[in-house]
Asks: 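Sharing a structure with you now.
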Number of protein chains: 2
Amino acid sequence: MELDRLDRDIIGALVEDARATYADIGAAIGLSASAVKRRVDRLRESGAITGFSARVSPQALGWTTEAYVELFCAGKTKPSDIALAVMRFPEVVSAATITGEADALLHIRATDVRHVERVIERIAAEAFVVRTKSAIVLSRLVDATPGTAVPVERNGSANPA
Amino acid sequence: MELDRLDRDIIGALVEDARATYADIGAAIGLSASAVKRRVDRLRESGAITGFSARVSPQALGWTTEAYVELFCAGKTKPSDIALAVMRFPEVVSAATITGEADALLHIRATDVRHVERVIERIAAEAFVVRTKSAIVLSRLVDATPGTAVPVERNGSANPA
DNA sequence: CATGAAACAGAGCTACG
DNA sequence: CGTAGCTCTGTTTCATG
């Protein structure tokens, strides 16, 4: 799909404020409200915009600690096996298979260090996991994420407060 | 600040769809539209909700490749030095200082592997960087991020298409 | 083919009870 | 917190370059 400058400007405006009115966005980029709506509808159908979301503060919700965990897995573990296993933990906010020594890298959000430890313990207990190597986040320097990831009760098990 | 179940349900609804109407959210959790608006206003003032943002597909915008880069820095490099340096790269979507051998971990989004390489080269050229260790993402397994991070033209230098 | 203007319906917002 | 009222926005239709 083809995106021109106006489409990019509209996306930029909506990333900044998803509740901005079509009229305001139009005024900012030089387009009428209906034209903006048409383009937004098109951007949604094409998959460029997948939805709209609230930006929440993990700290305010009690998720004050984060960690990155490298996973070293058994011989021929399938990525889908890893996915299925880590998906069950709401604390796993992001996971990906990577190049290098480790097989996968997980990003974990938890209420405190004890909580991180418990989650890692349970993940390490998975059959295919040979060993883990974790790094606790000391301070966040950059977070370009529009809506910072926060654990969600996918199986009704996560709630700090 | 104190958050009850209704507040959490409202946040959950807004993370799923930031453009949901107050009436719809109210109907889902058993509250009137005005009551929902009052709570949302309160959640914004308290800082639990920091804003609303469009969820965009990095792929659709041309950001098809991602990598994690560990930074090993000189003796007494300050976290703020690292922050200032990596902030200048729109491709650095997230950065944090961490425990362990490495000093910091960066999450990079780029258009292709060549692009990743160029960014790492430029970061490695920073005075305080001793060496880097990077891992290209092979496949993303989990992404709980409501609005997936996408490089933004913070200094007018980033645009894949 | 996309845009802008107009018209209707529906949501946001602000009292007040 | 819910209800009622006014205002503004979302949405569709239509005509135009």
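Only heavy atoms go into these numbers, but all of them, side chains included; no hydrogens, no water, no symmetry mates. Each chain gets a letter, A, B and so on, in the order the sequences are listed, and its residues count up from 1. Here the structure is a predicted model, which is why all the values come from computation and not from measurement.
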Asks: Should the pair A/Tyr68 and A/His107 be assigned to parallel (<30°), tilted (30 to 60°) or perpendicular (>60°) ring geometry?
Replies: parallel
Asks: Pair A/Glu126, A/Arg88 - check salt bridge (charged side-chain N to carboxylate O under 4.0 Å, His left out), show working.
Replies: CA-CA 12 Å; A/Glu126 293 286 335; A/Arg88 294 187 294 112; 2.5 Å; yes
Asks: Is there a donor-acceptor pair under 3.5 Å between the side chain of B/Arg140 and the backbone N or O of A/Ser94?
Replies: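 Flag not set: sc B/Arg140 to bb A/Ser94 has no pair under 3.5 Å.
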Asks: Please walk me through it: do A/Asp9 and A/Arg39 pass salt bridge (charged side-chain N to carboxylate O under 4.0 Å, His left out)?
Replies: CA-CA 11 Å; A/Asp9 288 347; A/Arg39 292 178 96 108; over 6 Å; no
Asks: Which is the 5'-most and which the 3'-most nucleotide of DNA chain D that has an atom under 4.0 Å from a heavy atom of chain B?
Replies: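 Under 4.0 Å from chain B, the extent on DNA chain D is D/dC1 to D/dG10.
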Asks: Between the two ends of the helix from C/dC1-D/dG17 to C/dG17-D/dC1, what is the bend in degrees, rounded to 10 degrees, where each end axis spans five pairs?
Replies: 30°
Asks: Atom NZ of A/Lys37 and atom C1' of C/dA2: how far apart are they, to the nearest Å?
Replies: 15 Å
Asks: Of all of residues 38-47 of chain B, which get a heavy atom below 4.0 angstrom from DNA chain C, listed by number?
Replies: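 Nothing qualifies; none.
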Asks: Answer yes or no: are there more than 12 heavy-atom neighbours, outside B/Arg122 itself, under 6.0 Å from its atom CZ?
Replies: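 No, the 6.0 Å shell around CZ holds no more than 12 heavy atoms from other groups.
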Asks: With A/Val113, which residues qualify under side chain to side chain contact (heavy atoms under 4.5 Å, CB included), at least two apart?
Replies: A/Thr65, A/Ile136
Asks: Listed in order of residue number, which residues of residues 20-27 of chain A have a non-hydrogen atom at under 4.0 Å from DNA chain C?
Replies: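 When residues 20-27 of chain A is checked for heavy atoms under 4.0 Å from DNA chain C, there are no hits whatsoever.
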Asks: Going by side chain to side chain donor-acceptor pair (under 3.5 Å), name the residues that satisfy it together with A/Asp41, two or more places apart in sequence or in a different chain.
Replies: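 For A/Asp41, the residues satisfying side chain to side chain donor-acceptor pair (under 3.5 Å) (neighbours in sequence not counted) are A/Lys37.
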Asks: Judged by atom type as modelled, is there a donor-acceptor pair below 3.5 Å linking the side chain of B/Thr97 to the main-chain atoms of A/Ser139?
Replies: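 Yes, the answer is positive, given that a donor and an acceptor are paired below the 3.5 Å cut-off.
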